[in-house]
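All of these numbers come straight from a predicted model, not from anything done at the bench. Letters A, B, ... are given to chains in the order of the sequence lines, protein chains preceding strands, and every chain is numbered from 1.
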Amino acid sequence: MDVDALLEWYERVRRPLPWRETRDPYALLVSEVMLQQTQALRVVPYYERWLSEFPTAPDLAVAPVRDVLELWSGLGYNRRALALQRAAVFVSEHGWPDDLTELPGVGKYTAAAVSSFAWDRDMAAVDTNVRRVLTRREGLDVDVSARADELLPRGRAAPFNQAMMELGATVCRPRNPDCAQCPVERGCLRLVVTPVRRVKSVRFEDTDRWARGRVIASLLQETEIPLEGERLERALVGLERDGLIVRDATGRPQLP
DNA sequence: CAAACGTGGCA
DNA sequence: TTGCCAAGTTT
């Protein structure tokens, strides 16, 4: 793959998203956690509000859980917000670990993204987009992580990572890829990847995931929880286990 | 390791 | 309107 052509293309098409204007590892971590499983454009207002309320890791570390969940609500996956706060606590107390995967909620992808964007570390951030780009180009049997690492131009990890992700998001899309606009078309296998079909078709409103979301929303808004019996109990047990709620002597749920 | 984890936007 | 899915991590 012609990495120079890729970087040149990225420079041309790059969208000015707010987290691309900073090198603050805390702000970058916030953006990465928010971006997990959420569309970039939807994250923008949340990111800006979050940083104005919790500008630094110590600010987030001491914030009440209610405030954290309040600012998070709408982004989904509430336990990620808690993990982010726990990461902020760690950073406040010990500074940034060399290996960011030591932080709660930070896996291989997020560690590489933050490390490259904040500190120019030569780490390839392999997300679902990068995985698809490389698989589609080079075949189902490629070791995607190893290949991304080989391609990464030393000292330019940040633009490389962003360019690869942007390519997957806007050109080498899951369905209907726009090969005519591809800056690195040469040598691509253009493998057709058949999308995996969902097996289950349970209504979302019938899932525990939905029930948990309703409990948190009700506690934030101080409205009645629209659940009862077994269903409610199962949600509460899960939420308590995840540290999203605590229960008083009567078993009534509250935010921690 | 498959499954759990939330939600709003868009086709 | 219904169904699909969007910069992953944890157990």
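- As a whole-Å value, the separation of A/Met165 CE from C/dA6 P is 15 Å.
- Rounding to whole angstrom units, CZ of residue A/Arg173 and P of B/dC10 are separated by 15 Å.
- Distance NZ (A/Lys108) to P (C/dG8): 15 Å, rounded to an integer number of Å.
- Across all strands, A/Asp242 comes closer than 4.0 Å to no nucleic acid atom at all (heavy-atom distances).
- Comparing C/dT9 with B/dG8, their P atoms sit 23 Å apart, to the nearest whole Å.
- By the 6.0 Å contact criterion, CD on A/Glu21 is enclosed, its count of non-hydrogen atoms from other residues, nucleotides or ligands being greater than 12.
- One can place CG of A/Leu41 at 12 Å from C1' of C/dA7, the figure rounded to the nearest angstrom.
- At the heavy-atom level, A/Trp19 lies under 4.0 Å from base atoms of the strands shown.
- Contact between A/Trp72 and A/Met34 at its shortest, heavy atoms only, is CZ3-CG, 3.7 Å.
- If you take CD of A/Gln37 and C1' of B/dG9, they are 15 Å apart, rounded to a whole angstrom.
- Residue A/Gly107 is classed as a sugar-phosphate contact, given heavy-atom separations below 4.0 Å to backbone atoms only.
- Comparing the P positions of C/dT10 and B/dC1 gives a spacing of 16 Å, expressed to the nearest Å.
- At B/dT7, one or more side-chain N or O atoms of A/Arg214 fall inside 4.0 Å of OP1 or OP2 (strictly under the cut-off).
- Between A/Gln36 and A/Arg80, the side chains place a donor N or O and an acceptor N or O closer than 3.5 Å (distance only, hydrogens not considered).
- For A/Gln36, the side-chain atoms get nearest to C/dT9 when compared with the rest of C/dA7, C/dT9, B/dT7.
- Annotation: cation-pi pair A/Arg49/A/Tyr46 present, NZ/CZ under 6.0 Å from the ring centroid and within 45° of its normal.
- Note: CZ (A/Arg212) to C1' (B/dT7) measures 14 Å, nearest angstrom.
- Following rounding to the nearest Å, A/Arg203 (CZ) and C/dG3 (C1') show an atom-to-atom distance of 14 Å.
- Contacts of A/Ser31 with the nucleic acid, taken as non-hydrogen atoms under 4.0 Å apart, are absent.
- Taking for each of A/Arg132 and A/Leu103 the nucleotide of DNA chain C with the nearest heavy atom, the 5'-most of the two is the partner of A/Arg132.
- A/Val106 comes within contact range of the sugar-phosphate backbone alone, with a heavy-atom separation under 4.0 Å but no base atom that close.
- Of the side-chain N and O atoms in A/Arg175, one or more sit less than 4.0 angstrom from OP1 or OP2 of C/dC5.
- Among the candidates A/Arg15, A/Arg12, A/Arg173, A/Arg14, the single residue satisfying the salt bridge (charged side-chain N to carboxylate O under 4.0 Å, His left out) test with A/Glu166 is A/Arg15.
- Across B/dA11 and C/dA7, the matching P atoms stand 15 Å from one another, rounded to whole Å.
- Not a single donor-acceptor pair, N or O on each side, falls under 3.5 Å between the base of B/dG6 and the side chain of A/Arg80.
- At the heavy-atom level, A/Thr110 lies under 4.0 Å from the strands shown only through sugar-phosphate atoms.
- Base engagement by A/Arg20 is indicated by at least one non-hydrogen atom pair under 4.0 Å involving a base atom.
- Using modelled atom types, one finds no donor on one side chain facing an acceptor on the other under 3.5 Å when comparing A/Thr22 with A/Asp24.
- Summarising the geometry, the separation between CD on A/Gln39 and C1' on C/dG8 is reported as 15 Å, rounded to the nearest angstrom.
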